[in-house]
There are 2 protein chains.
Amino acid sequence: MGIAERKARERVHRRNVIVDAAEDVIFKYGFSAATMAQVAKAAELSKGTLYLYFKSKEELYRAIILRGFIILKKMLREAIKEGNSGYEKIIIVGKTYIEFSEKYPNYFTTILDYENDTFNLAAAETESLQALEEGNAVIEILIKAIREGTKDGSITEQGNPFETAFVLWSQFTGVLQVVKRKVNIIEHYFSLTKEDLLTTHWRMIERMLR
Amino acid sequence: MGIAERKARERVHRRNVIVDAAEDVIFKYGFSAATMAQVAKAAELSKGTLYLYFKSKEELYRAIILRGFIILKKMLREAIKEGNSGYEKIIIVGKTYIEFSEKYPNYFTTILDYENDTFNLAAAETESLQALEEGNAVIEILIKAIREGTKDGSITEQGNPFETAFVLWSQFTGVLQVVKRKVNIIEHYFSLTKEDLLTTHWRMIERMLR
DNA sequence: ACAAACAATGACCGTTGGTCATTATTTATA
DNA sequence: TATAAATAATGACCAACGGTCATTGTTTGT
């Protein structure tokens with residue numbers, strides 16, 4: 001029975017078409033300003049159809065967030081291969097995160113939005129859960145690097161690697177968020193550039209790990 | 001001519017009444033879910049009147065954010081008196097920030113929203129600018145502590161204190177944001193508590209400064 | 001007592017996310 | 001191939017919302 005498979009394929013395809021369209025519109029106008037009517041038009045579908053594939057505008061946005069996490073994960077997996085010690089791998093994770101935020105500013109925005117979203121595990125939708133799993137996968141990469149670093153002695157003892165990973169990641173996200181949202185202000189009031197802030201952040205990270 | 005003064009006083013008073021009402025409603029339902037009609041009812045005013053005092057719902061929210069920053073600033077100024085060295089004062093700033101986030105979770109949320117808000121300096125409204133100034137004032141407290149720590153030798157040389165202050169603050173905010181939004185997930189998937197994360201963060205901060 | 005200035009009102013408007021009865025298309029059955 | 005059943009897509013429609021503004025009410029100055 002190939003019909004069911006074909007239908008499933010078509011459904012997946014149409015879903016992707018919708019997410020593509022949503023990306024175009026939302027990246028252009030921002031989540032709040034973008035409308036479902038615009039997305040429908042861009043996808044060459046009726047508005048009602050969008051709701052056959054996504055429960056709400058939020059849920060559609062989470063599909064975009066998920067894409068962001070998948071790209072980030074892929075970048076991290078690729079980049080980390082080059083590291084020759086745990087320490088190096090940790091540094092690579094950081095550098096890659098920065099690179100991601102610069103290369104895919106729109107996806108990075110979605111990840112910031114995700115981080116700022118309160119999560120109700122009980123009421124979680126499919127899409128949300130997947131984004132969450134991908135977020136966890138990203139952290140796992142860092143956890144592994146930290147474990148390796150402790151084992152090979154390239155970083156000092158850090159206690160529970162899970163904790164270290166989450167805290168490192170949160171600190172990084174915090175700095176990148178400020179860099180993204182507030183550099184213009186900080187530059188205006190304190191004459192500090194993005195590079196200044198990132199350099200200082202790096203210096204601190206190194207002290208923390210060595 | 002006392003009439004002008006009385007009118008100005010009344011205007012300030014009514015403004016505060018509106019912000020009080022907005023706090024009640026927005027803290028209860030969240031910014032998006034709260035409606036201007038609800039705020040108007042809580043303030044015992046008509047909806048139109050709200051717009052005589054605030055340009056938009058966002059601008060009204062920024063008045064709440066501003067209150068948050070003022071409270072935080074006050075707490076910091078008070079707490080920092082107890083510090084006997086630059087290092088101690090930096091630690092106190094961190095502890096107080098945590099305390100603030102726990103004692104005033106709603107105000108802390110507003111500050112996170114502010115941090116996550118892109119700020120268009122050119123198009124800034126009065127209210128926004130004031131929030132910004134208060135945000136800067138908070139950072140200034142930290143800058144001062146860092147300067148003192150460098151001078152009295154209680155922390156190692158850290159380069160430009162402005163940079164150090166912003167990065168420290170951003171890292172802290174990042175960790176507190178994750179703690180606020182994601183502990184339930186982290187606890188569920190990784191069995192880590194809020195305290196675990198904060199303890200690790202502290203350990204890292206100490207290493208960075210010493 | 002009257003007019004001018006100021007303040008507050010709420011009916012109204014345009015826009016939006018989301019719904020659902022209707023229509024169109026595809027699949028299964030004979 | 002004809003017909004019924006199941007599946008998919010549509011867009012008119014709705015309720016709710018942020019925001020506006022002509023009208024009404026109140027205070028001040030003459």
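Here the structure is a predicted model, which is why all the values come from computation and not from measurement. Note on naming: letters A, B, ... go to the chains in the order of the sequence lines (proteins, then strands), and numbering restarts at 1 for each one. Scope of the values below: all heavy atoms of this structure, side chains included, with no hydrogens, waters or symmetry mates.
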Shortest side-chain distance from A:K47, nucleotide among D:dT28, D:dG11, C:dG17: C:dG17
Heavy atoms under 4.0 Å, any strand shown: does A:L50 hit a base, just sugar-phosphate, or nothing? nothing
Whole Å only: how far is the CG atom of B:L45 from the C1' atom of C:dT9? 10 Å
Quick one: label A:L52 by what it contacts on the DNA or RNA (base, sugar-phosphate, nothing), any heavy atom closer than 4.0 Å. base
Suppose we screen for side chain to side chain donor-acceptor pair (under 3.5 Å). Which residues come up paired with B:K73, at least two apart in sequence or across chains? B:E134
If you look at every heavy atom in A:I90 and A:A145, which pair is closest and at what distance? CG1-CB, 3.9 Å
Tell me the interatomic distance from B:K55, atom NZ, to D:dC21, atom P, rounded to whole angstroms. 13 Å
Can you tell me how far P of D:dT28 sits from CD of B:E5, to the nearest Å? 13 Å
To the side chain of A:Y51, which of C:dA8, C:dT19, D:dG11 is closest? C:dT19
By the definition salt bridge (Lys or Arg N to Asp or Glu O under 4.0 Å), identify the one residue from B:K55, B:R62, B:K57 that meets it with B:E59. B:R62
Residues of residues 12-43 of chain A with a heavy atom under 4.0 Å from any atom of DNA chain D, listed by number, are A:R14
Checking contacts here: which listed nucleotide (C:dT9, C:dG18, D:dG18) is nearest the side-chain heavy atoms of A:E58? C:dG18
Name the closest nucleotide to the B:T49 side chain, picking from D:dG11, C:dT9, C:dG18. C:dT9
Heavy atoms of other groups near B:E44 CD, more than 12 under 6.0 Å: no
Flag the pair B:F69 / B:Y107 as yes when their ring centroid distance falls below 6.0 Å, and as no otherwise. no
Quickly work out the B:F54 CZ to C:dA8 P distance and round it to whole Å. 13 Å
Within the structure provided, determine whether A:Q171 and A:V175 are in side-chain contact (heavy-atom separation under 4.5 Å). no
I want to know whether B:F108 and B:Y104 have ring centres closer than 6.0 Å. no
With sugar-phosphate meaning primed atoms plus P, OP1 and OP2, does A:K7 contact a base, only sugar-phosphate, or nothing at under 4.0 Å between heavy atoms? sugar-phosphate
Is B:R11 touching bases, backbone alone, or none of the nucleic acid, heavy atoms closer than 4.0 Å? nothing
Heavy atoms under 4.0 Å, any strand shown: does B:Y53 hit a base, just sugar-phosphate, or nothing? sugar-phosphate
Per nearest nucleotide of DNA chain D, the residue lying toward the 5' end, A:G48 or B:R6, is A:G48
